[in-house]
Amino acid sequence: MSIGKRVESIYRGSVSKISGLRIMRSFRFRIFLMLLVVGIIPAVIVRTAILSSYEDRAISVRESEVMNQLSIIANHLITYNYMGDPSNEAVNAELEQMSNLYDGRILIIGGNFKAIKDTNGVSMGKTIISEEVIKCFKGQKVVNYDAKNGYIEMTTPINETITDEETGRDIDVVRGVMLTSVSTDTLATTLKILSRVAWTIDIVMMVIIFALAMLFSRILTKPFNKVTEAISEVKEGFSTEALSVPDYAETEHIVEAFNMVLKRMRALDESRQEFVSNVSHELKTPITSMKILAESLMGSEDVPNELYREFMEDIVGEIDREDKIISDLLTLVKLDKTNTSINPSQTNINEMMEQILKRLKPIASLNNVELILESEREVVANVDEVKLNLAFTNLIENAIKYNKQDGSVHVALDCDHQFFTVTVKDTGIGIPEEEIEHIFERFYRVDKSHSREIGGTGLGLSIARNIIIMHRGTISVESTPGEYSVFTVKVPML
Ligand code: ADP
């Protein structure tokens with residue numbers, strides 16, 4: 001065999017082994033197997049039980065039949081004084097007939113244990129002493145069935161009834177014993193025929209049960225196939241509707257769970273599409289502005305130097321904005337990765353807040369906004385310093401950006417044994433109640449034009465919230481438009 005063919009046959013072998021294993025694991029196969037077992041086992045038990053009880057019954061009927069006949073013969077033996085004269089023709093004929101009828105042998109043993117008659121003729125005159133014979137002389141009948149060799153052996157006492165002279169009562173005296181063996185071959189033949197018939201019935205039943213098991217396993221597992229088909233349709237994109245297979249409670253549960261997953265995936269897909277369209281839009285806006293500025297410069301001749309400078313400054317502003325959007329997006333994408341983990345270290349939060357305020361002071365002084373830090377106590381927590389620094393910077397920067405001329409930003413830091421809390425309160429424009437639930441969404445801005453004017457990307461709060469959630473913390477907002485906004489952040493110390 002060539003190597004190619006050998007590899008192919010090995011491959012085919014392993015494929016058939018895998019598909020064999022798959023069939024064994026299939027629900028339908030197991031139902032089929034169960035029905036088969038449930039159908040066939042009782043049939044086999046019933047057959048075996050019927051045959052064995054038939055055999056017992058037939059043997060006991062044969063035993064009592066022979067016993068009756070032997071009792072009659074025993075009476076005749078006494079009546080015709082056979083024990084004294086075994087040449088009685090009538091009795092001998094009767095014994096021969098009996099032994100021929102049951103394909104057996106009758107031995108008549110006299111009081112001295114000597115065989116006075118043997119229908120086979122071989123043991124005549126021989127002394128026959130056996131346990132059964134001795135028991136029988138004591139008046140006890142013994143019956144043995146030898147299933148292996150196919151005969152029944154029995155001993156029958158030959159009783160003579162005499163009147164006791166002293167008491168005047170009738171008593172039985174055992175004059176001899178009849179040792180009889182009868183063949184059970186005819187019964188065995190009947191049993192064989194019956195067993196053959198039973199086997200035929202069994203085979204027919206097995207075929208019927210096999211067919212029924214195939215049919216029922218197919219019918220019972222159909223709803224599960226329906227589920228697979230429905231899921232495939234969704235997978236292939238042929239259907240977008242919620243699935244429904246109410247045939248069984250189980251299929252309904254599976255389908256409900258699938259519908260929920262589907263809904264979640266669609267929501268994720270929609271938010272991804274929305275995100276992509278928002279990103280494209282946000283990235284395009286500065287480029288469009290730059291193009292317009294550059295084209296208007298190119299289109300007009302003898303542009304005054306001041307105007308040229310002003311346009312170039314605008315272009316640089318747009319480039320800065322583009323740069324900010326891209327770096328914010330990169331931060332957000334990094335935070336969004338499921339395997340992003342925080343890198344915690346013991347951090348002095350008081351020092352961190354001081355640093356942030358110091359860094360933001362120049363921006364605040366542009367609008368003459370006062371920055372106040374109020375620390376209740378020393379807070380040292382196990383946090384990712386770089387990430388948390390970014391989150392608080394975004395919050396405080398917003399409090400400065402969306403503030404009024406000569407306003408203030410009040411940052412308070414406190415802790416208990418579990419959490420530390422930072423509140424950032426401003427005296428700014430505030431956020432309308434209906435907008436509050438949206439401000440953490442990516443690219444969401446309450447007032448687009450105003451936000452753009454003051455250089456927002458709509459990503460700052462989204463980044464801050466992601467970082468706080470990564471620390472298993474919470475963030476909440478309270479605001480009165482035109483008066484103030486207060487952001488409260490709670491982060492576990494450990
Ligand atoms: P942006 O870059 O636009 O500031 P953010 O995600 O940081 O984006 O904020 C989203 C929006 O929430 C802002 O555009 C603004 O409308 C509103 N906002 C955030 N912080 C404040 C605040 N302290 N006061 C008023 N409005 C705020």
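Atoms within each ligand, like the ligands themselves, are counted from 1 in listed order.
With hydrogens and angles disregarded, no donor-acceptor distance shorter than 3.5 Å links the side chain of Ser181 to the backbone of Glu153. Side-chain atoms of Asp384 do not come within 3.5 Å of backbone N or O of Ile342 as any donor-acceptor pair. Without hydrogens or angle criteria, Asn350 side chain to Val379 main chain gives a donor-acceptor distance under 3.5 Å.
With Asn403 as the partner, the side-chain hydrogen bond (donor to acceptor under 3.5 Å, both in side chains) test is satisfied by one option alone out of Asn367, Asp426, Asn368, Thr427: Thr427.
Within a 6.0 Å sphere centred on CZ of Arg218, heavy atoms belonging to other residues, nucleotides or ligands number 12 at most. Counting heavy-atom neighbours within 6.0 Å of Tyr248 OH, excluding the residue itself, gives a total above 12.
When the heavy atoms of Val446, Ile325, Thr427 are ranked by distance to atom 16 (O) of ligand 1, first place goes to Val446.
Taking a cut-off of under 4.0 Å to the non-hydrogen atoms of Asp426, the atoms of ligand 1 that pass are 22 (C), 23 (N), 24 (N). Taking a cut-off of under 4.0 Å to the non-hydrogen atoms of Thr457, the atoms of ligand 1 that pass are 1 (P), 2 (O), 3 (O). Near Leu459, the atoms of ligand 1 lying under 4.0 angstrom from a non-hydrogen atom of the residue are 6 (O), 8 (O). Residue Ile439 approaches ligand 1 through these ligand atoms, each under 4.0 Å from one of its heavy atoms: 10 (C), 12 (O). Below 4.0 Å from some heavy atom of Tyr444 lie the following atoms of ligand 1, by number and element: 10 (C), 11 (C).
The part of Ile431 lying near ligand 1 is the side chain, judged by heavy-atom distances below 4.0 Å.
Counted by atom type alone, Asn389 and Thr393 present one or more donor-acceptor pairs between their side chains at under 3.5 Å.
Note: an N/O pair closer than 3.5 Å links Leu461 and ligand 1 by distance alone. Looking at ligand 1, you'll find an N or O of Asn398 within less than 3.5 Å of one of its N or O atoms. In terms of polar-atom proximity, defined here as any N/O pair under 3.5 Å, Gly458 does make such a contact with ligand 1.
Between Phe216 and Phe32, the distance from one ring center to the other does not fall under 6.0 angstrom.
Ligand 1 has no atom lying under 4.0 Å from any heavy atom of Phe440. The shell of residues lying under 4.0 angstrom from ligand 1, judged by heavy atoms, includes Lys401. Not a single heavy atom of Asn394 lies less than 4.0 angstrom from ligand 1. Proximity of Gly428 to ligand 1 is not established, as no heavy-atom distance is less than 4.0 Å.
Cation-pi contact between Lys490 and Phe420: absent, since separation from the ring centre below 6.0 Å together with deviation from the ring axis within 45° is not met.
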